[in-house]
Amino acid sequence: MSESRDDSLHNDDILPLDVLDPQQVSGVGDMDPERFREAAHATVDAMADYLANVRSAPVFPAVEPGSLRGLFPTSAPEAPESVGAMLADVAALVEPNTTHWQHPGFFAYFSTTASGPGILGEMFVATLGANAMLWRTSPVATELEVVVVDWLRQALGLPAVFGGLVTDTASTSSLIALGAAREAAGVDAAAEGIGGRPDVPRLRVYASTEAHSSIDKAAMTLGLGRASLVHVGTDDALAMDPDELAAAIDADVAAGLRPMAIVATIGTTSSTAIDPVAAIADIAEARGLWLHVDAAYGGAAAIVPDRRGPFTGWERADSIVMNPHKWLFTPFDASLLLSRRMPVIRDAFSLVPEYLRTLDRAAPVLDFNEYTPTLGRRFRALKLWFVLRYFGLEGIRRRIEAHCAWATWLADQVESDPDFELLAPVPFSTVCLRYRPRSLADRADDPATHADLDAMNERLLHAVNATGEVFLSHTRLRGRFAIRVAIGSLHTEERDVRRAWELVRTEAARLES
Ligand SMILES: *Cc1c(COP(=O)(O)O)cnc(C)c1O
């Protein structure tokens, strides 16, 4: 080290050390561990109070778009503020204005439970502050991820040929899977791209009309375009028609296009329909196509051995996604991507610049960033490790069984009520229903009645949600407006499901009068 550099370290004309002395100036230093301890205890007390009281809040806050921004200062404060002031503002400004995903009456979309052990895991993840991009940037983050992925693989009943990783969302997992499928199609897209290449015919991906929009987005992002995604029709149960799939692929081949992947869904987002994966796997294998299974929500049910029937054939997939942040009681975000072709994923996404090269190891190390479009990665395995250990697979199975039983109960109520109807089968824990007063039963299919029923059910949904006791969402099934009740929160109890049904019936009766 040169003398002049050494001197500059002690030159307080350049850097007067007291500007960084927290004893003399506030705001320049992090909390010392004792202050952190005190503030963290206060924060955890506020978190526990929130969870203790969330049931009494309306699930969806009574606020209008744009009404919240004005509650907050327009610029960051110049002077330091206290944690006490922040916690007071969380109570005053944040808690009353959030949608309460932790509310027992949350039945909209697919719920996410931030379970106690999951929250504690997240706290530790934040505390370590590790970026899990390379093995050496946190060896245990990488190796615990391998362990937890394999725990989940076994819990789901899948064979050991599947490796995997944890990503943020199913959207990313499916993007990675389709990126690998594009690589497997042999056009060397990672190196050469696919634009402006006369040697590359249009690549095609097949999914049902009920597939999640993340598949369309993956096609957009991968340069395939939405026009490359073929939406195959479905049967009465909203499951993909395998004959139509095979015909579409064969027609594309005849037309000179290049089929590349099939996406089968186990538990579609709208109605939790189940594509016939075994028949689809036959088609994929016969034609050498990548099979990706999207089980973002439904996948959790495979943890219950007796519920693996609908999953038959998924063990033949090239890749599978399921989201622990949906029905596995893990705080958002955590998505599990499994694949039997991890090296292909690596071919699609690996790029190792000099500054990320691992120099001091003879054997190659596992650097998960080589399998993802992003470099930086969160240490999500830690919270999954907490969740799986706290509940045990046995506890998780019991809870999933309870949710399925409550959904079956609700479906039975709907079916035996002459003023309501089910709009889809209920294979998991989500019920799609609509109000169809008996007076309209024999006219339900004529277009005018059809429109009336849609409007009526939309009003019904608003009325039920306006009670604040429950939060339901909607979808459209075969063009009909459907009210969706998705049971999946660890905080939901049987009485909450009964209450949801009671509210739907009483609000429907009120609309009628
Ligand atoms: C929810 C869902 C997704 C998207 O999940 P994200 O994690 O929010 O990206 C994809 N597919 C299915 C079937 C889903 O239900």
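Counting starts at 1 for both ligands and their atoms, following the listed order. Since the model is a prediction, treat every value here as computed from it, not as a measurement. Heavy atoms only: backbone and side chains are in, while hydrogens, waters and symmetry mates are out.
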Using a strict 4.0 Å cut-off to heavy atoms of [X], name the atoms of ligand 1 that fall inside it.
X: His325; value: 7 (O)
X: Lys326; value: 1 (C), 2 (C), 3 (C), 4 (C), 5 (O), 14 (C), 15 (O)
X: Asn323; value: 5 (O), 6 (P), 7 (O)
X: Phe110; value: 15 (O)
X: Gly267; value: 13 (C)

Taking [atom] as the reference point, the nearest protein heavy atom with its distance:
atom: atom 6 (P) of ligand 1; value: Ala170 N, 3.5 Å
atom: atom 11 (N) of ligand 1; value: Asp294 OD2, 2.6 Å
atom: atom 4 (C) of ligand 1; value: His212 CE1, 3.3 Å
atom: atom 9 (O) of ligand 1; value: Ser171 OG, 2.5 Å

Check [Y] with [X], please: is the shortest side-chain N to carboxylate O separation under 4.0 Å?
X: Arg55; Y: Asp496; value: yes
X: Glu122; Y: Arg378; value: yes
X: Glu401; Y: Arg307; value: yes
X: Arg258; Y: Asp252; value: no
X: Glu502; Y: Arg498; value: no

Parallel, tilted or perpendicular for Phe329 and His403, by the 30°/60° rule?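 It falls in the perpendicular class, over 60°.
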Parallel, tilted or perpendicular: which describes the rings of Tyr297 and Trp327, with under 30° parallel and over 60° perpendicular?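 Ring orientation of Tyr297 relative to Trp327: parallel.
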Considering only heavy atoms, does Asp168 approach ligand 1 within less than 4.0 Å through its side chain, its backbone, both, or neither?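 Neither; nothing of Asp168 gets under 4.0 Å from ligand 1.
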Within reach of ligand 1, part of Tyr109 (heavy-atom separation under 4.0 Å):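 Looking at Tyr109 and ligand 1, no heavy atom falls under 4.0 Å.
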Does ligand 1 have any atom that is closer than 4.0 Å to a heavy atom of Ser214?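 In this structure, Ser214 qualifies as a contact of ligand 1 - some heavy atom is under 4.0 Å.
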Got a sec, which pairs hit salt bridge (Lys or Arg N to Asp or Glu O under 4.0 Å) with one end in residues 465-485, sequence neighbours left out?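 Pairs touching residues 465-485 that pass the test: Asp445-Arg480, Asp454-Arg476, Glu469-Arg499.
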